[in-house]
Amino acid sequence: MVERFECWARRRLAKGFSLAEAASAAGTSERTLARRLQSVLGKTPLSYFQDLRVEHAVHLLRTGNASVDQVAAQVGYSDGVTLRALLRRKLGRSVRELRRGG
């Protein structure tokens, strides 16, 4: 169930999160999905989805030349400012540090 959720989430990073759609894709109820992710990963489905967005954004920043706004759009954020703030809050690093490999 967790693997099905993760596959669904990775395909939908740019589209946004819906707990109902996530549960349906995982073949379970919203409540069961939330409980299972909490027990297995220690996170809510939304929190894990956001972590996947950050992970993918970091990969894109380190491996490509896309602007921060372009990367933000690819992972479902409205603008680069939002992505920059999230990276700073979650990772404690700036875009420049991530591009340098820090």
Side-chain angles (χ1 to χ4, degrees):
M1 176 190 317
V2 174
E3 286 180 28
R4 286 191 303 267
F5 169 73
E6 183 176 356
C7 289
W8 172 88
R10 287 187 185 278
R11 287 191 311 268
R12 290 193 43 98
L13 291 179
K15 296 176 186 169
F17 180 78
S18 163
L19 183 57
E21 290 178 27
S24 177
T28 190
S29 70
E30 295 175 25
R31 186 173 175 191
T32 299
L33 178 63
R35 283 187 293 181
R36 183 65 50 90
L37 282 169
Q38 188 65 46
S39 69
V40 173
L41 302 173
K43 298 174 185 259
T44 66
L46 178 59
S47 175
Y48 187 65
F49 188 81
Q50 289 171 331
D51 287 351
L52 290 175
R53 280 180 160 175
V54 168
E55 173 189 294
H56 191 59
V58 168
H59 170 74
L60 293 172
L61 290 167
R62 286 185 172 160
T63 61
N65 294 322
S67 72
V68 176
D69 285 330
Q70 290 169 327
V71 170
Q74 289 180 46
V75 297
Y77 291 110
S78 58
D79 55 51
V81 173
T82 303
L83 179 59
R84 284 177 192 276
L86 185 65
L87 292 171
R88 176 69 66 188
R89 184 170 47 92
K90 288 228 177 219
L91 305 176
R93 295 191 172 111
S94 68
V95 169
R96 182 173 291 163
E97 290 171 310
L98 291 169
R99 287 200 192 265
R100 283 194 312 240

>> In the structure I gave you, are the side-chain heavy atoms of His56 and Leu60 within less than 4.5 Å of one another anywhere?
In response: yes
>> Take a 6.0 Å sphere around CZ of Arg12 and say whether it holds more than 12 heavy atoms from other residues, nucleotides or ligands.
In response: yes
>> So, applying side chain to side chain contact (heavy atoms under 4.5 Å, CB included) with Val54, which one of His59, Lys90, Arg89 is it?
In response: Lys90
> Under 30°, 30 to 60°, or over 60°: which ring-plane class applies to Phe17 and Trp8, parallel, tilted or perpendicular?
Replying inline: perpendicular
>> Would you compute the distance between atom CZ of Arg11 and atom CD of Glu6 and round it to the nearest 0.5 angstrom?
In response: 11.0 Å
> Could you state the interatomic distance from OH (Tyr77) to OG1 (Thr82), rounded to the nearest 0.5 Å?
Replying inline: 8.5 Å
> Can you find a heavy atom in the side chain of Arg62 that is under 4.5 Å from one in the side chain of Leu98?
Replying inline: yes
> Quick one: OG1 on Thr44 to CZ on Phe49, what's the gap to the nearest 0.5 Å?
Replying inline: 12.0 Å
> How long is the span from the OH atom in Tyr48 to the CD atom in Glu55, to the nearest 0.5 Å?
Replying inline: 7.0 Å
> Do the side chains of Ser94 and Arg88 get nearer than 4.5 Å, heavy atoms only?
Replying inline: yes
>> Go through it in stages, so that I can follow the logic: the residues are Leu19 and Leu46, the test is side chain to side chain contact (heavy atoms under 4.5 Å, CB included), and I'd like the CA-CA distance, side-chain angles, deciding distance and then a yes or no.
In response: CA-CA 8 Å; Leu19 183 57; Leu46 178 59; over 6 Å; no
> Taking Asp69 for the side chain and Gly80 for the main chain, is one N or O donor matched with an acceptor at less than 3.5 Å?
Replying inline: yes
>> Using side chain to side chain contact (heavy atoms under 4.5 Å, CB included), reason through Arg84 and Val68 one step at a time and then give a plain yes or no.
In response: CA-CA 8 Å; Arg84 284 177 192 276; Val68 176; 3.3 Å; yes
>> Run Val40 and Met1 through side chain to side chain contact (heavy atoms under 4.5 Å, CB included) and show every step you take.
In response: CA-CA 11 Å; Val40 173; Met1 176 190 317; over 6 Å; no
>> Could you measure the distance from the CZ atom of Arg53 to the CG atom of Asp51? Nearest 0.5 Å is fine.
In response: 11.5 Å
> Do the side chain of Arg99 and the main chain of Gly64 share a donor and acceptor less than 3.5 angstrom apart?
Replying inline: yes
> Does Val71 reach the side chain of Val95, with side-chain heavy atoms less than 4.5 Å apart?
Replying inline: no
>> Distance check, rounded to the nearest 0.5 Å: Leu52 atom CG versus Arg10 atom CZ?
In response: 4.5 Å
>> Can you confirm whether Leu86 sits close enough to Gln50 that some side-chain heavy atom of one is under 4.5 Å from a side-chain heavy atom of the other?
In response: no
